Amino acid sequence: MSSLHLYDTLTRTTAPFKAIKDGEASIYLCGATVQAPPHIGHVRSGVNFDILRRWLTKSGYNVTFIRNVTDIDDKILHKAVHEEMPWWAVAMKYERAFADAYAALNVMPPTYEPRATGHVTQMIELMQKLIERGAAYAPGNGDVYLEVRKLTSYLTLSRQKLDDLQPAADADETYKKDPRDFALWKAAKPGDPSWPTPWGAGRPGWHLECSAMAHTYLGEAFDIHGGGLDLVFPHHENEIAQSEAAGYPFAKLWMHNAWVTASGEKMSKSLGNSLQVAELLKSVRGIELRWYLGGAHYRSMLEFSMGALEESATAFRRIESFLQRSVEILGTEPTPVINATFTDAMNDDLAVPTALAGISESLRLGNTAITDGDKKAIAQHANEIRGALEVLGCDPFDSVFAQSGATDLTAALDGTIKLALAQRTAARERKDFAASDAIRDGLAALGISIEDTAQGPRWSITSHATPTEGSK
RNA sequence: GGUGGAAUGGCCGAGAGGCGAGGCAAGGGACUGCAAAUCCCUCUACACGGGUUCAAAUCCCGUUUCCACCUCCA
């Protein structure tokens, strides 16, 4: 039996995962800056780390999972002006949009989901400590900066040299000792929200808040820090800088997911090529979108196309169809079982694509077992497939994916269609194929497709996926 | 300028010195009254040029193209 190996951005190698505390795993994931609706790049990160979390849990760890909400920053303030709403209303509006998107994709709520604005006290304490240790300074204008030249191991994560960095174009060097020093705290501008501190009123810098929240919920050292690849520099470098300057070991392992691209380019708001989750959910179900996003390896770029998404959804429906038939034949839902193929794949730095190949194999064998009427084999493969889907967060029997409130209607529909199917079966028995085909065509016109199986006819609703505008 | 990543069959996508993942599409076959579903078979690739090796898609050197980060970014 293999053991879990994970890739560490810091060492650029894959190594066995060893938790700081036996049986416990602590994860801090950089969450969203809630200033716009979520696009699929945002939720890919959520899905990737949700799979990590589920696999750690399945492997026996008690997982503490923190994902923060950055609810105060420049963009939110700009948006507030633009949308003519208070900044906190903007933040809440988009925080809810993210929560809806995560829920639709079955991303588990984090153990704790701290908001930046709720942790100003902890940020002030951290700054106090950094100033006392001589790592940070308050030049008197209300800003507080970290002095990066004093750090011994700055930029080890991104492997850059301080002097090679291009100085920020908008760097205000009036108060900075070095242009590369970064702001822990930003002095209040007129009209902007602010919190009082010993160094003047202001608001949190982006980097400081994550360090402060990680310390608050996970302590001075924790197992895994995650986020998108684009956070490596400067965000994560600066988090490391602040935490190490404060004397904390901080994260033991760094994991970064690659981004979703469109036409070869990274999805981003500024490019205008971002695809909103809410929009895609008009074409495919949440479970199908998750299957698509989770199916690529987390460190590989995922080139989005509507065609690829639809293809992936079709493949998923085949799996669902097998599971449904297994229930019809066995009269019971499969019991999730994790097989060795899946375990080995997941333990190899979450090799989901390899795991998917194993699921395809089980699916083929399971379908063959249905043809052969081998109930034992049907159960085995259904169990293994469900076990794998459960870890991937795509278990169709999971109550989050159930169509709530529709059960009565479904039962009525089922009864109605079965009535029609009985007519059709009778027609077929007397070889009146014109009549039987008329019934089938009639149902098809209503969006209901018929399959004849050894166990009798089955019906299902044909999905009407409507392609999103502007995508192929 | 600095730091990284990528190039695989019609398409999507793994892998990482020898045994050619998997899916989708396509063609053929089995089954079927016909469909559908399912199963079987076929098509089979690693950007380019050198090198190392008994053996390279995989390692080394060089080249090209694309992408990203260095400014807010999942």
Side-chain angles (χ1 to χ4, degrees), chain A residues 9 12 29-33 35-36 38-49 67 70 73-76 78 98 155 158-171 180 206 226-235 237 256-261 263-271 274 292 295-303 305 307-312 314-316 318 321-322 325 345 348 351-361 363-372 428 431-434 436-437 440-441 444 449-454 457-458 460 462:
Chain A
T9 307
R12 309 276 165 98
L29 174 65
C30 285
T33 298
Q35 50 93 14
H39 65 243
I40 52 171
H42 294 124
V43 288
R44 181 188 188 188
S45 178
V47 167
N48 285 157
F49 284 95
R67 188 185 62 219
T70 296
D73 96 327
D74 286 338
K75 284 201 167 180
I76 293 172
H78 291 151
F98 269 83
L155 305 179
S158 60
R159 305 201 168 180
Q160 298 178 95
K161 291 195 181 91
L162 193 56
D163 293 313
D164 288 340
L165 294 184
Q166 290 180 350
D170 60 345
R180 291 164 186 89
W206 177 39
L229 200 52
D230 39 9
L231 298 185
V232 170
F233 184 91
H235 187 51
E237 291 287 10
H256 293 94
N257 64 280
W259 39 73
V260 180
T261 57
S263 307
E265 294 190 330
K266 181 186 162 199
M267 197 161 287
S268 74
K269 196 120 196 314
S270 53
L271 277 177
S274 59
Y292 172 70
H297 187 92
Y298 75 94
R299 286 195 283 121
S300 298
M301 280 189 282
L302 178 62
E303 167 66 16
S305 78
L309 174 60
E310 278 162 7
E311 176 185 300
S312 166
T314 303
F316 183 72
R318 275 189 78 213
S321 166
F322 165 68
R325 290 191 66 191
D348 180 16
V352 176
T354 307
L356 259 38
I359 293 175
S360 293
E361 173 79 1
L363 178 65
R364 210 189 81 240
L365 295 172
N367 278 323
T368 302
I370 287 181
T371 307
D372 297 344
R428 291 179 70 204
K431 306 250 189 265
D432 184 356
F433 297 122
S436 77
D437 287 351
R440 184 170 66 198
D441 293 346
S449 62
I450 304 302
E451 288 170 36
D452 292 317
T453 74
R458 302 178 72 237
S460 57
T462 313

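All chains are named by letter (A, B, ...) in the order of the sequence lines, taking the proteins before the strands, and each is independently numbered beginning at 1. None of the values given here were measured: they were computed from a predicted structure.
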*Asks:* I need the NE2-C1' distance between His297(A) and U8(B), as an integer number of Å.
*Replies:*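 Taking NE2 of His297(A) and C1' of U8(B), I get 17 Å after rounding.
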*Asks:* What is the separation between atom CG on Leu231(A) and atom P on G4(B), rounded to the nearest whole Å?
*Replies:*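 These atoms are roughly 19 Å apart.
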*Asks:* If you measure from the C1' atom in C46(B) to the same atom in G13(B), how many Å do you get, rounded?
*Replies:*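 Roughly 13 Å separates the two C1' atoms.
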*Asks:* Among the candidates A14(B), A36(B), A74(B), find the nucleotide nearest to the side-chain atoms of Ala296(A).
*Replies:*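 For Ala296(A), the side-chain atoms sit closest to A14(B).
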*Asks:* I'd like to know if the side chain of Thr371(A) reaches the main chain of Asn367(A), judged simply by a donor and an acceptor atom lying under 3.5 Å from each other, with no hydrogens or angles considered.
*Replies:*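 Side chain of Thr371(A) to backbone of Asn367(A): a pair is present.
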*Asks:* How long is the gap from NZ on Lys75(A) to OG1 on Thr33(A), to the nearest 0.5 Å?
*Replies:*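 Nearest 0.5 Å value for the NZ-OG1 distance: 8.5 Å.
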*Asks:* Does a nitrogen or oxygen in the side chain of Arg428(A) sit under 4.0 Å from OP1 or OP2 of C34(B)?
*Replies:*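 For C34(B), OP1/OP2 do not have a side-chain N/O of Arg428(A) under 4.0 Å.
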*Asks:* Please classify the nucleic acid contact of Gly31(A) as base, sugar-phosphate, or nothing, using heavy-atom distances under 4.0 Å.
*Replies:*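 Here Gly31(A) touches the backbone only, sparing every base.
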*Asks:* Does OP1 or OP2 of C12(B) have a side-chain N or O of Ser305(A) closer than 4.0 Å?
*Replies:*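 False: Ser305(A) side-chain N/O out of range (4.0 Å or more) of C12(B) OP1/OP2.
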*Asks:* In whole Å, what is the span from the CZ atom of Arg364(A) to the P atom of G22(B)?
*Replies:*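 The answer, rounded to whole Å, is 9 Å.
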*Asks:* Per the atom types in the model, does the base of A37(B) pair as donor or acceptor with the side chain of Arg458(A) at under 3.5 Å?
*Replies:*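 A donor-acceptor contact between them is absent.
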*Asks:* Whole angstrom is fine here: how far is it from CD in Glu311(A) over to P in G23(B)?
*Replies:*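 Answer to the nearest Å: 11 Å.
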*Asks:* For Cys30(A) and Ile450(A), find the nucleotide of RNA chain B closest to each by heavy atoms; which residue's nucleotide sits nearer the 5' end?
*Replies:*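 Its nucleotide being nearer the 5' end, the pick is Ile450(A).
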*Asks:* Between G2(B), G22(B), A37(B), spot the one nearest the side chain of Gln160(A), thanks.
*Replies:*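 Of the candidates, G2(B) comes closest.
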*Asks:* Ser460(A): what forms a side-chain hydrogen bond (donor to acceptor under 3.5 Å, both in side chains) with it, not counting sequence neighbours?
*Replies:*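 Only Ser449(A) meet the side-chain hydrogen bond (donor to acceptor under 3.5 Å, both in side chains) criterion with Ser460(A).
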*Asks:* Which residues pass the side-chain hydrogen bond (donor to acceptor under 3.5 Å, both in side chains) test with His235(A), not counting sequence neighbours?
*Replies:*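 Expected list: His207(A), Glu239(A).
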*Asks:* What dot-bracket string describes RNA chain B from 5' to 3', counting Watson-Crick and G-U wobble pairs whose defining distances are under 3.5 Å, with [ ] for crossing pairs and | for pairs to another strand?
*Replies:* (((((((..(((.....[...))).(((((.......)))))....(((((..]....))))))))))))....
*Asks:* Calculate, to the nearest 0.5 Å, the distance between atoms NE2 and CZ belonging to His256(A) and Phe49(A) respectively.
*Replies:*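 Those atoms lie 7.5 Å apart.
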*Asks:* Across the strands shown, which category fits Phe433(A) at heavy-atom distances under 4.0 angstrom: base, sugar-phosphate, nothing?
*Replies:*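 Here Phe433(A) touches the bases of the nucleic acid.
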*Asks:* What contact category does Gly41(A) fall into here, base, sugar-phosphate, or nothing, at under 4.0 angstrom with non-hydrogen atoms?
*Replies:*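 Here Gly41(A) touches the bases of the nucleic acid.
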*Asks:* Rounded to whole angstrom, note down the P distance from A6(B) over to A47(B).
*Replies:*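 A6(B) and A47(B) have their P atoms separated by 12 Å.
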*Asks:* Restricting to ring-ring contact (aromatic ring centres under 6.0 Å, His included), what partner residues turn up for Phe98(A), sequence neighbours left out?
*Replies:*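 Expected list: His42(A).
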*Asks:* Distance check, P atoms only: C12(B) and U64(B), in whole angstrom units.
*Replies:*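 These two P atoms come out 25 Å apart once rounded.
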*Asks:* Counting side-chain heavy atoms from C-beta on, which of U38(B), A74(B), C72(B) comes nearest to Thr371(A)?
*Replies:*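 Of the options given, the side chain of Thr371(A) lies nearest U38(B).
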*Asks:* What is the nucleic acid contact for Val260(A), judged by heavy atoms within less than 4.0 Å: base, sugar-phosphate only, or nothing?
*Replies:*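 The residue Val260(A) makes base contact.
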*Asks:* Can you tell me if Arg44(A) uses its side chain to pair, donor with acceptor, with the backbone of Ala258(A) under 3.5 Å?
*Replies:*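 Looks like yes, one N/O pair under 3.5 Å.
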*Asks:* Hey, does Thr368(A) reach any base, or is it just sugar-phosphate, or nothing, if we go heavy atoms under 4.0 Å?
*Replies:*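 Answer is sugar-phosphate: Thr368(A) comes under 4.0 Å of backbone atoms only.
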*Asks:* Keeping the roles fixed (side chain from Thr368(A), backbone from Arg364(A)), state whether a donor-acceptor pair exists under 3.5 Å.
*Replies:*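 Present.
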*Asks:* When you compare C34(B) with G15(B), how far apart are their P atoms, in angstrom units rounded to a whole number?
*Replies:*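 Per the computed distance, 44 Å lies between those P atoms.
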*Asks:* Can you name the salt bridge (charged side-chain N to carboxylate O under 4.0 Å, His left out) partners of Arg458(A), sequence neighbours left out?
*Replies:*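 Salt bridge (charged side-chain N to carboxylate O under 4.0 Å, His left out) check on Arg458(A) returns Glu328(A), Glu451(A).
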*Asks:* Using the test salt bridge (charged side-chain N to carboxylate O under 4.0 Å, His left out), find all partners of Asp441(A) that sit at least two apart in sequence or belong to another chain.
*Replies:*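 Testing Asp441(A) for salt bridge (charged side-chain N to carboxylate O under 4.0 Å, His left out), a comparison that skips the adjacent residues, returns none.
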*Asks:* Rounded to the nearest 0.5 Å, how far does CG of Leu155(A) lie from CD of Glu237(A)?
*Replies:*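 With rounding to 0.5 Å, CD (Glu237(A)) is 5.0 Å from CG (Leu155(A)).
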*Asks:* So for Asp437(A) and G33(B), does any side-chain atom that can act as donor or acceptor lie under 3.5 Å from a complementary atom in the base?
*Replies:*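 Donor-acceptor pair under 3.5 Å: yes.
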*Asks:* Would you kindly give the CZ-to-P distance between Arg159(A) and U3(B), to the nearest whole Å?
*Replies:*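 One finds 12 Å between P of U3(B) and CZ of Arg159(A), rounded.
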*Asks:* Provide a list of protein-nucleic acid N or O atom pairs under 3.5 angstrom, restricted to nucleotides 26-30 of chain B.
*Replies:*
none

*Asks:* Any protein N or O atoms within reach of nucleotides 65-67 of chain B? Criterion: under 3.5 Å, listing atom names and distances.
*Replies:*
none

*Asks:* It should be established whether Asn367(A) places a side-chain nitrogen or oxygen under 4.0 Å from OP1 or OP2 of nucleotide C39(B).
*Replies:*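 Answer is yes, contact under 4.0 Å.
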*Asks:* For a quick check of understanding: with a heavy-atom distance under 4.0 Å over all strands, which category does Thr453(A) fall into, base, sugar-phosphate or nothing?
*Replies:*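 Nothing, no nucleic acid heavy atom in range.
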*Asks:* For a quick check, tell me whether the side chain of Asp452(A) and the base of A37(B) share a donor-acceptor pair closer than 3.5 Å.
*Replies:*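 When only heavy-atom distances are counted, Asp452(A) does not reach the base of A37(B) through any donor-acceptor pair under 3.5 Å.
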*Asks:* Closest approach to the side chain of Ser45(A), judged atom by atom: which nucleotide of A74(B), G23(B), G13(B) is it?
*Replies:*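 The nucleotide sitting nearest to the side chain is A74(B).
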*Asks:* Counting just side-chain N and O atoms, does Arg180(A) come under 4.0 Å of either OP1 or OP2 of C70(B)?
*Replies:*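 It does not, given that no N or O in the side chain of Arg180(A) lies less than 4.0 Å from OP1 or OP2 of C70(B).
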*Asks:* Would you please name every residue forming a salt bridge (charged side-chain N to carboxylate O under 4.0 Å, His left out) with Arg325(A), sequence neighbours left out?
*Replies:*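 Here no residue qualifies.
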*Asks:* Going by the rule side-chain hydrogen bond (donor to acceptor under 3.5 Å, both in side chains), which residues pair with Asp372(A) if we only count those two or more places apart in sequence or in a different chain?
*Replies:*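 Testing Asp372(A) for side-chain hydrogen bond (donor to acceptor under 3.5 Å, both in side chains), a comparison that skips the adjacent residues, returns none.
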*Asks:* Taking atom P in both G22(B) and A14(B), what distance in whole Å separates the two?
*Replies:*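 These two P atoms come out 15 Å apart once rounded.
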*Asks:* What's the CG-C1' distance between Asp74(A) and C72(B), to the nearest Å?
*Replies:*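 Value for this atom pair: 8 Å.
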*Asks:* Go through the structure and list residues passing ring-ring contact (aromatic ring centres under 6.0 Å, His included) with Phe322(A), not counting sequence neighbours.
*Replies:*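 ring-ring contact (aromatic ring centres under 6.0 Å, His included) list for Phe322(A), sorted by chain: empty.
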*Asks:* For atom P, what is the distance between C19(B) and G4(B), given to the nearest Å?
*Replies:*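 Result for the P pair: 32 Å, nearest Å.
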*Asks:* In whole Å, measure the gap between the C1' atoms of G23(B) and U8(B) for me.
*Replies:*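 G23(B) and U8(B) have their C1' atoms separated by 15 Å.
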*Asks:* Between A36(B) and C43(B), how far apart are the two C1' atoms, rounded to whole Å?
*Replies:*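 One C1' to the other, the span is 25 Å.
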*Asks:* With sequence neighbours left out, write down each residue that passes salt bridge (charged side-chain N to carboxylate O under 4.0 Å, His left out) with Asp73(A), or none if nothing qualifies.
*Replies:*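 Salt bridge (charged side-chain N to carboxylate O under 4.0 Å, His left out) list for Asp73(A), sorted by chain: empty.
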*Asks:* Roughly, in whole Å, what's the span from CG in Asp441(A) to P in C34(B)?
*Replies:*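 Those two atoms, CG and P, are 16 Å apart.
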*Asks:* Given that Arg440(A) and Thr33(A) both sit by RNA chain B, which one's nearest nucleotide is further toward the 5' end?
*Replies:*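 Looking at the nearest nucleotide for each, Arg440(A) comes out on the 5' side.
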*Asks:* Provide, to the nearest angstrom, the distance between the CG atom belonging to Asp73(A) and the P atom belonging to C72(B).
*Replies:*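 Taking CG of Asp73(A) and P of C72(B), I get 10 Å after rounding.
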